[in-house]
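To start, the structure under review is shown below, and the notes come after it.
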Amino acid sequence: MSFYIKVLTVLVCGLLSQGSFAKWEEERDITTDGRQELVYYFKMNDQGQKLVLDKYQKRLIFIQKDRLYKRTITQIKIDGVPVEVMSDPFSHYPEQTAITFENKDEVLKKLFLAKRVEVSVFYNREPGISVFQIK
């Protein structure tokens, strides 16, 4: 009987973990050679900003189309817990900024399970906070 309980426990855990991915919206893209389909997870906020979870490069991408100022991101908060990050703007896409972190696997795991992500953004020297609710 304990074998069946173990199997049932594994199945329930698997279903619960799939539910955590459903919090982020999915976006599919095909590689330039057309051989592989890539799946990205993203969230939009009320200000029209987009946060993309890039599991392939193990980073976040912050997109804000209406403000093309130089922006720097030095910290994010995942459910209120601060995480130090580094940011790197894309030269060909000025509305996009890559956000990287030291302990990539641990941070990505926390992001997949997050309910709220706050991004501390500096536009030149002007601070701002972008909030993404993940339900």
Side-chain angles (χ1 to χ4, degrees):
M1 191 69 155
S2 68
F3 171 75
Y4 293 111
I5 292 173
K6 289 179 184 177
V7 170
L8 183 61
T9 303
V10 169
L11 288 173
V12 169
C13 289
L15 290 174
L16 289 175
S17 69
Q18 287 179 350
S20 68
F21 292 109
K23 295 177 187 178
W24 292 80
E25 297 175 52
E26 257 184 37
E27 187 172 69
R28 298 183 180 274
D29 193 14
I30 303 290
T31 56
T32 53
D33 61 8
R35 294 184 185 173
Q36 187 178 7
E37 182 179 58
L38 304 175
V39 179
Y40 295 94
Y41 298 96
F42 72 94
K43 204 64 181 164
M44 299 279 295
N45 66 9
D46 295 339
Q47 290 80 33
Q49 300 162 333
K50 187 175 187 179
L51 194 61
V52 179
L53 186 54
D54 181 353
K55 65 181 182 180
Y56 304 101
Q57 297 289 322
K58 296 185 179 183
R59 65 183 177 186
L60 284 172
I61 301 171
F62 178 80
I63 302 172
Q64 185 173 10
K65 294 185 179 189
D66 60 344
R67 283 187 87 165
L68 300 179
Y69 304 117
K70 180 182 175 187
R71 75 177 71 84
T72 306
I73 301 168
T74 57
Q75 183 184 55
I76 63 172
K77 287 185 180 179
I78 303 170
D79 294 328
V81 178
V83 176
E84 297 299 319
V85 298
M86 296 158 284
S87 64
D88 186 24
F90 289 93
S91 58
H92 296 294
Y93 304 100
E95 71 275 1
Q96 298 184 15
T97 303
I99 303 170
T100 57
F101 9 83
E102 291 213 13
N103 194 344
K104 294 178 182 185
D105 293 326
E106 181 182 319
V107 173
L108 283 178
K109 198 179 295 184
K110 288 178 183 178
L111 284 165
F112 268 121
L113 300 173
K115 290 181 174 57
R116 180 182 171 107
V117 177
E118 296 176 32
V119 180
S120 298
V121 185
F122 283 92
Y123 301 98
N124 293 326
R125 293 178 184 224
E126 180 184 328
I129 293 184
S130 298
V131 178
F132 296 87
Q133 294 283 48
I134 304 161
K135 299 176 181 177

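A salt bridge links D54 with R59; the closest basic N to acidic carboxylate O contact falls under 4.0 Å. A salt bridge links E118 and R116; the closest N-O separation between the charged side-chain nitrogens and carboxylate oxygens is under 4.0 Å. A salt bridge links R28 to E26: one of the charged nitrogens lies within less than 4.0 Å of a carboxylate oxygen.
If you take CG on N103 and NZ on K109, they are separated by 9.5 Å, rounding to the nearest 0.5 Å. If you take CD1 on I61 and CD on Q96, they are separated by 6.0 Å, rounding to the nearest 0.5 Å. Note that the CD1 atom of I76 and the NZ atom of K110 stand 10.0 Å from one another [nearest 0.5 Å].
By the 4.5 Å heavy-atom criterion applied to side chains, V52 and L60 are not counted as neighbours. Inter-residue side-chain proximity for N45 and S130 is flagged as met; some heavy-atom pair is nearer than 4.5 Å.
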**Item:** V131/V117 under side chain to side chain contact (heavy atoms under 4.5 Å, CB included): CA gap, chis, key distance, verdict
**Value:** CA-CA 6 Å; V131 178; V117 177; over 6 Å; no
**Request:** Carefully, step by step, assess F42 and L51 under the rule side chain to side chain contact (heavy atoms under 4.5 Å, CB included).
**Result:** CA-CA 5 Å; F42 72 94; L51 194 61; over 6 Å; no
**Prompt:** Given the rule in the side chain to side chain contact (heavy atoms under 4.5 Å, CB included) test, do F101 and L111 qualify, once you have shown the distances and angles that lead to the verdict?
**Reply:** CA-CA 12 Å; F101 9 83; L111 284 165; 4.0 Å; yes
**Message:** As a quick check of understanding, evaluate side chain to side chain contact (heavy atoms under 4.5 Å, CB included) for T97 and I73, giving each step before the final call.
**Reply:** CA-CA 8 Å; T97 303; I73 301 168; 4.1 Å; yes
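A side-chain donor-acceptor contact under 3.5 Å links Y56 to the backbone of V39.
L108 and F132 fall within the same hydrophobic cluster, where Ile, Leu, Val, Met, Phe, Trp and Tyr residues are linked whenever their side-chain heavy atoms come under 4.5 Å apart, directly or through other members. Using a 4.5 Å cut-off between side-chain heavy atoms of Ile, Leu, Val, Met, Phe, Trp and Tyr, with links allowed through other members, V83 and I129 fall into different hydrophobic clusters. The hydrophobic clustering, which links ILVMFWY residues whose side-chain heavy atoms are closer than 4.5 Å, places Y123 and M86 apart. Hydrophobic clustering (side-chain heavy atoms under 4.5 Å, transitive across Ile, Leu, Val, Met, Phe, Trp, Tyr) keeps I99 apart from F122.
Closest heavy-atom contact between P82 and Q75: CB-NE2, 3.0 Å. Closest of all the heavy-atom pairs between K23 and K43 is O-NZ, 3.4 Å.
With 3.5 Å as the limit, one finds no donor-acceptor pair spanning the side chains of Y40 and E25. No donor-acceptor contact under 3.5 angstrom links the side chains of Q36 and T31, judged on distance only. Inspection of the E126 and N124 side chains reveals no N or O donor paired with an N or O acceptor under 3.5 Å.
Within 6.0 Å of the NZ atom in K115, the count of heavy atoms belonging to other residues, nucleotides or ligands does not exceed 12. Atom CG of D46 is surrounded by 12 or fewer heavy atoms from other residues, nucleotides or ligands within 6.0 Å. Atom CD of E37 sits in a crowded spot, with more than 12 heavy atoms from other residues, nucleotides or ligands closer than 6.0 Å. When the shell of 6.0 Å around CZ of F90 is examined, it contains more than 12 heavy atoms from other residues, nucleotides or ligands.
With respect to F62, the side chain to side chain contact (heavy atoms under 4.5 Å, CB included) criterion is satisfied by exactly one of R71, K50, E95: R71.
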